[in-house]
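Data first, discussion second: the structure below is written as structure tokens.
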Amino acid sequence: MSDTYLQLVSGGVPATIAKKLGLPRPVRLRRTDPAAVDRPLTPGPVLVLSDEASTADADAVAEGLLGWDLDVHRALRLGDHARWGAVVVVLTGLTHPAQLAAPALALTPALKQMAAGARVVTLSRPAPPAGGAGASDPAVAAARQGVDGFLRSLAKEMRAGATANGLVLAEDVEVGAPSVRGGLRFLLSARSAFVDGQLLPVGAGGAEPADWARPLDGVVAVVTGAARGIGAATARVLARDGAHVLGVDVPAAGESLAAVMNEVRGTALQLDITAPDAAARILAAARERYGHLDVVVHNAGILRDKLLANMTADRFEGLLAVNITAPLRMNETFAAPGTLGGQGAAPRIISLASTSGIAGNRGQTNYGAAKAGIIGMTRALAAPLAAAGGTANAVAPGFIETDMTASIPPVPREISRRGSSLQQGGQPVDVAEAIAFLASPQAGGINGQVLRVCGQLMVGQ
Ligand SMILES: NC(=O)c1ccc[n+]([C@@H]2O[C@H](COP(=O)([O-])OP(=O)(O)OC[C@H]3O[C@@H](n4cnc5c(N)ncnc54)[C@H](O)[C@@H]3O)[C@@H](O)[C@H]2O)c1
């Protein structure tokens, strides 16, 4: 679905009027362009800042960025008309919240000179969980947790399609680890256009791909609900990144499914995922066609919105059957040892949650329960998948422009659309890019996590 308001205010007199009236002024986001694969990673030079205790790590990060042909600076001098494409703030050595002031204030002048679609990325360490073991010094914990509030607030101040996100590096993970470089590259790139205000925990593991443009070369992936919307976009992005795609959808969507699969040179499988033998049939089809199956994307889902006061059994139970019971049942097969992965590719299970499963949403008790259930399922799968050398993660979209959200009545639809820091809905491709990243070797250190693709939706954190 197209966003007419965004098209209207993206320039000229309407943009000036919107500014004067204090109306939202969404801009077109910096997204990947298949016709320009050699476009630089960032829309301008990269500045690397740090607190004093993190200087060595910041030097290592700057060195690593040079390897990606970026114009990297360690101080604020910039030509008169140049604009920063990104600022990486290294805070891995923080031991007291007061130490955050220097790098934050060093960022101040840079923020006035940011390119459209620029990025701020922080690198920090995790605060210990309540009552947990590990770093229990209150000042260290305050400093590390402080990065969270700093980053989320900064993201709400970014303008012109720029975003702010962070990577939270596990204690034993160095800034030069493949998983950190993979996460950093994703957050700096146009692939993360609709990811905003988020801190992504990164552990050890993962590997840099031989070719950053085709990190999924030879990987075999199944995408459920691939006939349209996010599923179709995911099939396209996985194929662009080198994967063979098996697309699944209900027989009623057979024609569109065939069209998408023809486009990506994939394989169409008409199948209702609630069928008890759904996983066995998917596995058989993948093995017959490609010899193995590596990546499962649980994307198929439905909406059956009603206030709980007016809810019916078929709406509640029918939704749970598709959105959570089917993925749970299928994972009994997919997560079994030795099922996923082959020819060097690591097993990956990526499931579609929703910001409604995090923050809740009026009229969506059934959907919220199912999508929060996806998050629970993902966390429980992390250990068995890790044991098999793989990962299980969830992607939580906010408001994405698809047929599903087109069915929302106009007023709540417009409120949801403008309710993010980027003041617009995301596109299916934005979610697809996040899924493809989590499927890639460079994301091997991210496990059991929920990656929001919501433009920092106010109701979804
Ligand atoms: N669009 C959004 O804003 C949004 C937000 C949060 C989460 N999500 C989630 O993302 C996923 C995709 O959403 P979308 O907006 O692209 O939806 P969509 O309705 O456009 O597409 C869903 C696809 O799933 C298929 N499907 C439904 N039931 C099926 C079944 N039983 N077996 C096989 N296929 C089935 C449909 O035929 C359809 O092709 C869903 O899980 C949804 O809950 C979407």
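Keep in mind that this is a model prediction, so the values were computed, not measured. Whatever order the structure lists them in is the order used to number ligands and atoms, beginning at 1.
- Protein heavy atom in closest approach to atom 16 (O) of ligand 1: Ile230 N, 2.8 Å.
- No side-chain donor-acceptor contact under 3.5 Å links Thr402 to the backbone of Gly229.
- The backbone N or O of Gln198 sits less than 3.5 Å from a side-chain atom of Asn165, completing a donor-acceptor pair.
- Per-residue contacts place Val250 under 4.0 angstrom from the following atoms of ligand 1 (heavy atoms of the residue considered): 29 (C), 30 (C), 32 (N), 33 (C), 34 (N), 35 (C), 37 (O).
- Residue contacts with ligand 1: Thr274 is placed with no nitrogen or oxygen under 3.5 Å of a nitrogen or oxygen of the ligand (distance criterion only).
- Of the protein's non-hydrogen atoms, the one nearest atom 38 (C) of ligand 1 is Asp249 OD2, 3.6 Å.
- Within the model, atoms CG of Leu167 and CD1 of Ile446 stand 7.0 Å from one another, a figure rounded to the nearest 0.5 Å.
- For ligand 1, the atoms sitting less than 4.0 Å from at least one non-hydrogen atom of Gly229 are 16 (O), numbered in the order shown with element in parentheses.
- In terms of protein heavy-atom proximity, atom 3 (O) of ligand 1 is nearest to Ile400 N, 2.8 Å.
- Residue contacts with ligand 1: Ala353 is included, with a non-hydrogen atom under 4.0 Å away.
- Where the criterion is an N or O separation shorter than 3.5 Å, residue side chain and backbone included, Asp272 meets it with respect to ligand 1.
- Shown in contact with Thr402 at under 4.0 Å from a heavy atom are these atoms of ligand 1, numbered in order with element: 1 (N), 14 (P), 15 (O).
- In this structure, the protein non-hydrogen atom closest to atom 20 (O) of ligand 1 is Arg228 NE, 3.0 Å.
- For ligand 1, the atoms closer than 4.0 angstrom to any heavy atom of Gly225 are 23 (C), 24 (O), 25 (C).
- Scanning the protein heavy atoms around atom 6 (C) of ligand 1, the nearest turns out to be Pro397 O, 3.4 Å.
- Compare Ala232, Gly231, Gly301 by their heavy atoms: the one nearest to atom 22 (C) of ligand 1 is in Gly301.
- Looking only at distances, no side-chain donor or acceptor of Arg452 sits under 3.5 Å from a matching main-chain atom of Thr355.
- Close approach of ligand 1 to Thr405 is summarised as follows: ligand atoms under 4.0 Å from at least one heavy atom of the residue are 1 (N), 2 (C), 3 (O).
- Exactly one of Val223, Val395, Val453 qualifies for a side chain to side chain contact (heavy atoms under 4.5 Å, CB included) with Ile435. That residue is Val395.
- Shortest contact from atom 32 (N) of ligand 1 to any protein heavy atom: Ile273 N, 3.0 Å.
- Residue contacts with ligand 1: His298 is excluded, as none of its non-hydrogen atoms falls under 4.0 Å.
- Per-residue contacts place Tyr367 under 4.0 angstrom from the following atoms of ligand 1 (heavy atoms of the residue considered): 6 (C), 7 (C), 8 (N), 9 (C), 42 (C), 43 (O).
- Nearest heavy atoms, Gly341 versus Asp294: CA-OD1, 3.2 Å.
- Of all atoms in ligand 1, listed by their number and element, those nearer than 4.0 Å to a heavy atom of Ala300 are 24 (O), 26 (N), 34 (N), 35 (C), 41 (O).
- Rounding to the nearest 0.5 Å places CZ of Arg418 at 10.5 Å from CZ of Arg413.
- One distance of note links CG of Leu246 with OH of Tyr290; it measures 6.5 Å at 0.5 Å rounding.
- Of the listed residues (Ser354, Ala253, Gly398), the one carrying the non-hydrogen atom nearest atom 4 (C) of ligand 1 is Gly398.
- Closest heavy-atom approach to atom 12 (C) of ligand 1 within the set Leu269, Asn299, Leu303: this belongs to Asn299.
- Taking every heavy atom of Leu271 and a limit of under 4.0 angstrom, the matching atoms of ligand 1 come to 32 (N), 33 (C).
- Residues Ile374 and Ala394 approach most closely at CG2-CB, 4.3 Å, considering heavy atoms.
- The shortest heavy-atom contact between Gly182 and Trp212 is CA-CH2, 4.2 Å.
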Please list, one pair per line, the donor and acceptor atoms closer than 3.5 Å that link side chains of residues 317-329 to other protein atoms, with sequence neighbours excluded.
unit_1 : atom_1 : unit_2 : atom_2 : d
Asn323 : OD1    : Ile302 : N      : 2.9
Asn323 : ND2    : Ile302 : O      : 3.0
Thr325 : OG1    : Leu320 : O      : 3.3
Arg329 : NH1    : Thr274 : O      : 3.2

